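Given the structure is predicted, the values throughout are model-derived calculations rather than measurements. Quick note on labels: first sequence line is chain A, next is B, and so on, each numbered from 1.
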2 protein chains.
Amino acid sequence: MRKASSKNLENEMLINASCGMAYTIALIGGRWKLPILGRLAAGTLRYNEIRKSLPMVSERILILQLRELERDGLIYRKVYPEVPPKTEYRLTPLGVSLRPILKLLSNWGATNRPLAAESVMALS
Amino acid sequence: MRKASSKNLENEMLINASCGMAYTIALIGGRWKLPILGRLAAGTLRYNEIRKSLPMVSERILILQLRELERDGLIYRKVYPEVPPKTEYRLTPLGVSLRPILKLLSNWGATNRPLAAESVMALS
DNA sequence: CCGCATACTTACATTTATGTTAGTATTATA
DNA sequence: TATAATACTAACATAAATGTAAGTATGCGG
C-alpha cells in the first residue's frame with residue numbers, strides 16, 4: 001500500500017495535477033497496462049483470455065492493473081454469477097478515446113525502437 | 001544500478017521490444033521527463049533554468065533523467081568550456097518528433113483529469 | 001470423494017525508482 | 001582568505017512497483 005504522504009507521492013500528484021501529459025501517462029504507464037489495452041482494443045475478453053495472451057505476467061499484477069484500469073474508468077469489468085466464475089473486460093468510451101494516442105505511441109515506437117528487437121514475439 | 005538479469009527486467013525488455021506503445025512510454029515515462037520535455041519544447045535551456053523551473057525536483061534525479069533523455073536521443077547536451085560551467089540542453093529532431101504525441105497526451109489529460117486539480121500550479 | 005475449472009487473494013521477497021544530504025572542481029570577486 | 005557561481009557526483013535512505021508462491025470458493029464431472 002502506498003504511503004499516505006511522502007515527498008515521492010506529493011511530487012507525483014503535483015506533476016499529474018498540473019501536467020496533462022503526465023496525468024495521461026500515469027493512467028496507462030503500469031508495466032502491463034498497454035498490452036492489456038491493446039488486446040481489449042480488439043473487443044471484449046475474459047480474464048483467462050487476457051492472462052493466456054500474456055504468458056509472462058504474474059496474476060497478482062495482472063489483477064492489480066486490471067483493477068487500476070477499472071478504477072480510472074478505462075475498462076469495464078462484468079461478472080457473471082456462474083460457477084466456475086466468468087468475468088469479462090472491455091474498454092469504456094474513455095478507454096476508446098485513447099485510441100488515437102495509442103496509435104501514435106505505437107507508430108512512433110515501432111519506427112524508433114532498435115531494429116534488433118523486431119524478432120521478438122509481438123505483444124501488441 | 002539495475003540488476004543485470006531479473007524477471008522484472010526481462011519482462012520489461014520483452015514488452016518494450018514487441019509493443020511500440022510501451023517502448024515510447026519507457027523513453028518518456030520517468031517522473032520528471034515530461035515536464036523537462038515540455039520546457040525544452042519552447043527552446044534551448046541551461047541546467048539551472050530547468051532546475052529552477054522545477055522547484056520540487058531533486059538534483060540527483062534531474063541530472064539522471066536528463067542523462068537518460070540524452071542517452072535515448074531525445075535531447076542534446078552542450079557543454080561550454082567555461083567557469084563557472086555552462087551547459088545547454090535542447091531537443092533533438094527525434095525529441096521534436098514527439099510533439100504530436102505530447103500534444104495529444106496533454107489534451108487528453110487536461111480534458112479528463114479531475115477538475116479539482118486545475119487550481120494547482122501549472123508545470124507544463 | 002476427488003480433481004478440475006475460473007478468477008481471483010494474501011503474505012512475503014525482490015527489484016527498481018526517487019529522494020536526502022553532503023560534497024566537488026575551477027575561476028572570479030571582494 | 002573567504003565566498004560565490006554552476007553543474008554536477010556520491011553514498012545512503014525511503015518509497016514504490018513488480019514478482020513469487022501458496023492458497024481460496026463454488027459447483028461440475030467422473
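A:Arg77 has its side chain within reach of A:Val79: a pair of non-hydrogen atoms, C-beta onward, lies under 4.5 Å apart. At a threshold of 4.5 Å between non-hydrogen side-chain atoms, the residues A:Trp32 and A:Ser58 do not count as touching. At a threshold of 4.5 Å between non-hydrogen side-chain atoms, the residues B:Tyr76 and B:Thr92 count as touching.
Between B:Tyr89 and D:dC8 there is a side-chain polar atom (N or O) within less than 4.0 angstrom of OP1 or OP2. Residue B:Ser6 has no polar side-chain atom (N or O) positioned under 4.0 Å from OP1 or OP2 of C:dT14. For D:dT6, neither phosphate oxygen OP1 nor OP2 lies less than 4.0 angstrom from any side-chain nitrogen or oxygen of B:Thr87.
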For this session: Encode nucleotides 18-27 of chain C as B, S and - characters from 5' to 3', where the letter depends on protein heavy atoms closer than 4.0 Å: B to the base, S only to sugar-phosphate, - to neither.
Result: BBB-----BB

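Note on B:Arg46: only backbone sugar-phosphate atoms sit closer than 4.0 angstrom, heavy atoms only; bases stay farther off.
In summary, of the residues considered (B:Ile28, B:Leu66, B:Val57), a side chain to side chain contact (heavy atoms under 4.5 Å, CB included) with B:Ile36 occurs for B:Leu66 alone.
Each end of the helix from C:dC1-D:dG30 to C:dA30-D:dT1 gets its own axis from five base pairs, and the two axes differ in direction by 30°, given to 10 degrees.
The 12-atom threshold is not exceeded at NZ of B:Lys7, counting heavy atoms of other residues, nucleotides or ligands nearer than 6.0 Å.
In this structure, the CZ atom of A:Arg51 is 9 Å from the P atom of C:dA7, given to the nearest Å.
Contact between B:Ile15 and A:Arg31 at its shortest, heavy atoms only, is CD1-O, 3.4 Å.
With sequence neighbours excluded, the residues forming a side chain to side chain contact (heavy atoms under 4.5 Å, CB included) with B:Ile63 are B:Tyr47, B:Arg67, listed by chain and number.
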